[in-house]
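Below: the structure, in structure tokens.
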Amino acid sequence: MTDNKIHEAYAGLMRGVQQLDFSGPNVPSDLVLIGQDAFPLAMNARGQVLMAASFYNDGRMVVLGHESYLTAFPALMVNALAWLAGSPCPSTTVVVHQGCSGLADALSGSSLRPQVGGFCKDNGVYVTDAYSLGPEVKELVAFLKVTKGGLLIAGQAWSWAAQNPGRNTLCDFPANKVSSVAGIYFSDHRGEQGAITVPPQIPSSWLSVPIGKDFKDDLEFLLQGVSEFEIHGGAIPSEVLVHGPLAFPIAATPDGRAFLAGAYYGQGRVIVVTHEGYMGREEMAPFWINAIRWLDEGRNGPVGILPQLDFATPVLSRSGLPCQKTGFRSDLSVYVGTCYSGDNAKNIQDFVAEGGGLLIGGHAWYWAQTHPGQNPMTEYSGNQILNKMGLSLLGNTLEASRIKAPVPGQNATEAYHFRHLLHRFAGHVTNGNALTSNEEGRLKKLGCDCSNYLKMRAYDSASYTSVMTMLTEVLMESGMPQVGQASPVNNPKDHLLLSVGPEVYKACQNPDALLPYLFKDLTFKPIWPNHRVLISCTSTGAEQWLSTGLYLSPGMKTHISLPQEIIGCGWQIQVGCQTDNIGGSGELKRAPVVHERFPIDAGMMQVCNLWGGLLYLIAPPNTQVEGLEVVFQQVVPAPYYKSGVTTPEQWEVLRNAPSPWAELEFENIIITLHSDAVRGLDRPDLVAAIWDDIMRGIADLAAIPAKFPRKERYVVDVQISHGYMHAGYPVMMQSDVAASLVDPVTIRSSGIWGPIHELGHNQQRAAWEFPYHTTECTCNLWSVYVHEEVLGVKRDQAHPNMSLANRKCRAKEYAKGGRNLASWDMWVALETYMQLLDKFTWDAFKKVFAAYHTMENVPNDNKSKMNLYAETFSNTVNQNLSSFFKAWGWPIEPATEEKLSNLPMWSDHPMAQYK
């Protein structure tokens, strides 16, 4: 299937048709479209679909919302029959059911020469009304699928629904037993009449009815005897995005994140649970019994259970249906499988479309974690099955909780559904329709869901392109919030727009036309053409960012010529230095995600980021390259200083380069900050000197080589994901830290505790860490060491909590409180190490850290690790420290004391004074 398949089909079907007048006495049905192959041909002012077309495998279908349209629009019918035949001048036979003989009369003089008669599988095109489909339903489906035939169905279902109260129109209306296979349903809603102008592109509207039914009857059946669901144990589920018009959540957290959902798809049905482990849960047995029966639809047919899911057989067998262990087979009534293989994706989709039931389980979070840089929405096997059914598994997880079963038929504003809330939000922006407080509270989730949905990149799906069109119109109507330090965003609507805007920009077919609506004053900065960068890298154990000193303005594109040695080897291009996702914050001072990554998979690539940003090459772990050339077609120069490379004369020019971001790259650390912080920096070499000293001190205490295998990174940003600073690669910190990072005089006189604290975090190792107790404690060993041993700043001047009075007070109060480890953390815990330092000096710590570098089979639990640390430190200093650690409440075991009994006891330690 090509990306233009449905667009080319629409152009052919509507060729020469400028207007369609639906006025008159004949009231059509509104059509509901699902899947990725069905598309509207005629849509009224209310967004109701009155005519539609679709593909089913290689067959084709056109559906009209009333049989009178067969003769009302002869030009359209000529196009339709030609398209259904697969040729502009069809030589195949066109047969018209007796109930549609008016079409044969109307086109009797045309080259098509339709004949009145009954259905035959040898027909090229068959035309029938929506009411006359009987025993030949299976033959008609085979006619589409196998014979590659064309089918035209016309009629309405609202009068049938009125005459058949209590019946399920989607399943039971005669025409739906065939048209639904191709993703088109006659609904019991009346279509609004009037004349419409035929647009050049497939019509779409935010007014489109977002959901095809209320699912009250389905939920009543599924939830009989079920009051709640429990997420617990080792089975961690993903979230499922419920996005199809005929898909619905069954069990969801209070904020609308579903882990169990169902859908109609063609003639069949599907239920997905986002971890297969729940299928065998005894406490969920009433639901599974209902679910299997709902999927079977009264056929009492065989249920095939994938052998890997045999543990679910005892529960599912209680449905009374015959269960058997088997792989997928098309002769089953219900197939029970997992999301972890796409081998039968197309066959499973056809199985459900043609009436089968599918119970499928699995999560996507592990796949997402183990496939960084890949798109779960398109590449994960489970979504290759489920996307068309209106369900998609997301890469996030749900926490353990009890979930109340929903109340069937509850108001749509109370139950979260992606399409309904998106429809409501579009009306809010476009027409000023008020949202309820409940709806406003879910806009942040809607923004995340829109971003995930847009990642499907299903450009040949009318359903997808209609959502794209809707969101594009919303952004063009409202504009994107201009967010910044002085103009923070704190309302749900702007949160959503900031999340969705970049995804719409990436997904839309003409992003340049959208830019003026996203940025009010967009100006491109002066550029360097065809700029060459040499890259060298030796990475071990972790990916590495390679700075280029180059920048892209917001929305600016550049082509990059890349060497063959790094193509398809895990290398990436990154635009933007701010990799923190701040979407969880209530107030935003920038958009939630402002960086982009692109896998290097070709010798020439084009990259762009809506927000712009510094350009990096990302080297994968265990990579070694030397002197490779990368050429950037057009880029903006950034203030970029590199020790030993940038001359004072070059810096004099570069510090005024137009990029708003600057980088200072030293021996072992790279500092990224706003350019304003370096415009007046005359001597970057002095900044380099002090940071070289600091980083050597970091390495010295850690007992590692002075040259880091990967340079540390600081990024200073207007807002970060948590705290005032946090560790990682890069270390992130708030903007007001910038000036202190490039002020060597102040650093040497007053110190710089916080940034060193974060570098200390990066040196912490699980073998000698006892979380949560020491998480915010042992990192401060580096703060104390660097200040005293490198900068010459006494510890009590570096941080007020390090004064001797504060230290003694903490130790005394801890002892008075019963030496309880529950309160042994951060500053209290640090005093334990300070007492060791005061007695045994830094040399002991260096030897202890060195000993751990070669230690094997280190235990995982805190108690065992604390005993190991006491033993290691004691052997390092040749003294028995067991009584000291016991005085701090450590769980020192008799076996450890026995091991250390031959060493002299440290009995006069500082804690001995507190009885």
Side-chain angles (χ1 to χ4, degrees), residues 1 6 9 31-39 52-64 80-81 83-86 92-97 99-100 117-155 157 168-186 246 263-270 295-299 301-302 328-335 344-358 385 388-389:
M1 180 186 293
I6 66 170
L31 304 176
V32 177
L33 310 185
I34 68 164
Q36 296 181 346
D37 296 324
F39 56 98
S54 186
F55 296 88
Y56 186 62
N57 288 278
D58 291 323
R60 301 179 177 191
M61 181 183 294
V62 171
V63 176
L64 310 180
L81 293 175
W83 179 74
L84 290 168
T92 51
T93 306
V94 177
V95 176
V96 178
H97 183 270
C100 304
F119 170 72
C120 172
K121 64 182 179 65
D122 296 326
N123 299 153
V125 177
Y126 182 59
V127 181
T128 182
D129 61 50
Y131 324 110
S132 303
L133 289 83
E136 73 273 16
V137 164
K138 289 187 176 180
E139 288 78 4
L140 283 168
V141 172
F143 172 65
L144 285 170
K145 182 178 182 179
V146 180
T147 315
K148 305 178 183 178
L151 183 61
L152 173 57
I153 306 176
N168 187 330
T169 305
L170 295 178
C171 297
D172 298 338
F173 180 63
N176 281 340
K177 295 179 180 180
V178 177
S179 65
S180 65
V181 173
I184 304 175
Y185 295 81
F186 293 83
L246 294 179
Y264 285 77
Y265 183 69
Q267 297 180 50
R269 299 173 176 183
V270 59
L295 293 167
D296 175 70
E297 296 187 67
R299 294 183 292 267
F328 172 75
R329 299 200 322 261
S330 60
D331 63 337
L332 298 169
S333 175
V334 178
Y335 173 60
N344 284 303
K346 183 65 173 64
N347 291 333
I348 290 173
Q349 288 165 348
D350 288 354
F351 166 74
V352 178
E354 293 168 24
L358 173 65
I385 298 171
K388 284 189 174 184
M389 300 178 183

Going from [atom1] on [X] to [atom2] on [Y], what distance comes out if it is rounded to the nearest 0.5 angstrom?
{"X": "K388", "Y": "Q36", "atom1": "NZ", "atom2": "CD", "result": "6.0 Å"}
{"X": "L33", "Y": "S180", "atom1": "CG", "atom2": "OG", "result": "12.5 Å"}
{"X": "L31", "Y": "F186", "atom1": "CG", "atom2": "CZ", "result": "6.0 Å"}
{"X": "C100", "Y": "L152", "atom1": "SG", "atom2": "CG", "result": "7.5 Å"}

Identify the two heavy atoms, one from [X] and one from [Y], that lie closest to each other, and give their separation to 0.1 Å.
{"X": "G266", "Y": "I34", "result": "N-CD1, 3.8 Å"}
{"X": "L358", "Y": "I348", "result": "CD2-CG2, 3.7 Å"}
{"X": "D331", "Y": "P302", "result": "O-CG, 3.9 Å"}
{"X": "T169", "Y": "A157", "result": "CG2-CB, 4.0 Å"}
{"X": "F143", "Y": "G150", "result": "CE2-O, 3.3 Å"}
{"X": "A38", "Y": "A182", "result": "CB-O, 3.8 Å"}

Enumerate donor-acceptor pairs with a distance under 3.5 Å from any side-chain N or O in residues 119-127 to protein atoms, sequence neighbours excluded.
residue, atom, partner, partner atom, Å
N123, OD1, C120, N, 2.9

Compare all side-chain heavy atoms of C171 with those of Q267 and state whether any distance is below 4.5 angstrom. no

Minimum side-chain heavy-atom gap L144-N57 below 4.5 Å: no

NZ of K346: more than 12 outside heavy atoms within 6.0 angstrom?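 Yes.
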
Pairing residues for F351 by the ring pair (Phe, Tyr, Trp, His ring centres under 6.0 Å) criterion, not counting sequence neighbours: F328

Matching residue for E354 among R269, K177, K145 - test: salt bridge (charged side-chain N to carboxylate O under 4.0 Å, His left out):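 Single salt bridge (charged side-chain N to carboxylate O under 4.0 Å, His left out) partner of E354 among R269, K177, K145: K145.
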
Between L151 and L84, does a side-chain contact (heavy atoms from CB on, under 4.5 Å) hold up when you go through it step by step? CA-CA 7 Å; L151 183 61; L84 290 168; 5.7 Å; no

Take R299 and D296 through the side-chain contact (heavy atoms from CB on, under 4.5 Å) test and state the conclusion after the steps. CA-CA 6 Å; R299 294 183 292 267; D296 175 70; 3.7 Å; yes

Please check: side-chain N/O of [X] versus main-chain N/O of [Y], any donor-acceptor pairing under 3.5 Å?
{"X": "N344", "Y": "N347", "result": "no"}
{"X": "D129", "Y": "Y131", "result": "yes"}
{"X": "R60", "Y": "F55", "result": "no"}

Begin from the C-alpha positions of D350 and Y56 and carry the test side-chain contact (heavy atoms from CB on, under 4.5 Å) through to its verdict. CA-CA 9 Å; D350 288 354; Y56 186 62; 3.4 Å; yes

Could you go through D37 and S54, starting from their C-alpha distance and side-chain angles, then the distance that decides it, and tell me whether this counts as side chain to side chain donor-acceptor pair (under 3.5 Å)? CA-CA 5 Å; D37 296 324; S54 186; 5.6 Å; no

Please lay out, stage by stage, how I153 and L64 fare under the test side-chain contact (heavy atoms from CB on, under 4.5 Å). CA-CA 6 Å; I153 306 176; L64 310 180; over 6 Å; no

Does any donor atom in the side chain of N176 or Y264 lie under 3.5 Å from an acceptor atom in the other side chain?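 The criterion, which ignores hydrogens and geometry beyond distance, is not satisfied for Y264 and N176.
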
